[in-house]
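Keep in mind that the numbers below use all heavy atoms, side chains included, and drop hydrogens, waters and symmetry copies.
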Amino acid sequence: DWAPLAADLGEPEAKLDWNHDMLQMKGGEWVYSQRGITIFGRASGNAAIRIAVYQPTTLAEYKASLRPDYGGLKLRERP
């Protein structure tokens with residue numbers, strides 16, 4: 001249960017979409033770039049699937065240089 005950590009961190013600077021295997025987690029990437037931590041979980045925020053720790057930075061730098069590349073994992077509907 002990561003509720004105590006989420007309460008301590010407060011509201012993230014950004015909530016981004018990310019892919020976990022073939023599931024798209026809308027708003028589940030909670031970025032605290034100024035603290036150097038990102039929580040990857042469900043959009044509801046009730047479970048952490050992954051936690052990334054890095055040198056504190058700006059949100060723009062996180063998106064440009066540190067964010068995992070999910071480009072090849074886009075979900076496509078097939079006929």
Side-chain angles (χ1 to χ4, degrees):
D1 183 21
W2 77 289
L5 174 60
D8 186 49
L9 289 172
E11 192 64 25
E13 294 164 54
K15 292 182 180 179
L16 308 173
D17 299 343
W18 73 288
N19 294 325
H20 176 59
D21 295 325
M22 292 301 293
L23 298 174
Q24 187 175 45
M25 303 294 192
K26 293 266 188 192
E29 182 178 348
W30 291 22
V31 183
Y32 302 87
S33 60
Q34 293 180 358
R35 291 179 166 208
I37 187 167
T38 298
I39 311 291
F40 297 88
R42 296 182 182 95
S44 61
N46 63 358
I49 297 171
R50 295 184 182 128
I51 299 176
V53 179
Y54 45 88
Q55 181 79 20
T57 188
T58 65
L59 180 58
E61 183 64 27
Y62 171 80
K63 288 179 176 181
S65 301
L66 298 173
R67 190 167 189 229
D69 178 15
Y70 298 109
L73 299 175
K74 299 285 184 197
L75 300 178
R76 286 180 266 171
E77 188 172 327
R78 304 267 182 191

Using the test ring-ring contact (aromatic ring centres under 6.0 Å, His included), find all partners of Tyr62 that sit at least two apart in sequence or belong to another chain.
-> Tyr54
Shortest non-hydrogen pair, Met25 vs Gly41, comes out as CB-O, 3.7 Å
In this structure, CG of Asn19 is separated from CD of Glu29 (nearest 0.5 Å) by 10.0 Å
Output all residues satisfying side-chain hydrogen bond (donor to acceptor under 3.5 Å, both in side chains) with Gln34, sequence neighbours left out; order by chain, then residue number.
-> none
Where do Ser33 and Leu59 come nearest, in terms of heavy atoms and distance?
-> OG-N, 3.2 Å
Judged by atom type as modelled, is there a donor-acceptor pair below 3.5 Å linking the side chain of Trp30 to the main-chain atoms of Ile37?
-> no
Taken to the nearest 0.5 Å, the spacing of Glu13 CD from Lys15 NZ works out to 13.0 Å
With a 4.5 Å heavy-atom cut-off, do Trp18 and Thr38 have their side chains touching?
-> no
Checking Tyr32 side chain against Gly10 main chain: does a donor-acceptor pair fall under 3.5 Å?
-> yes
Validation row: Val31, Arg67 side chains within 4.5 angstrom (heavy atoms) | no
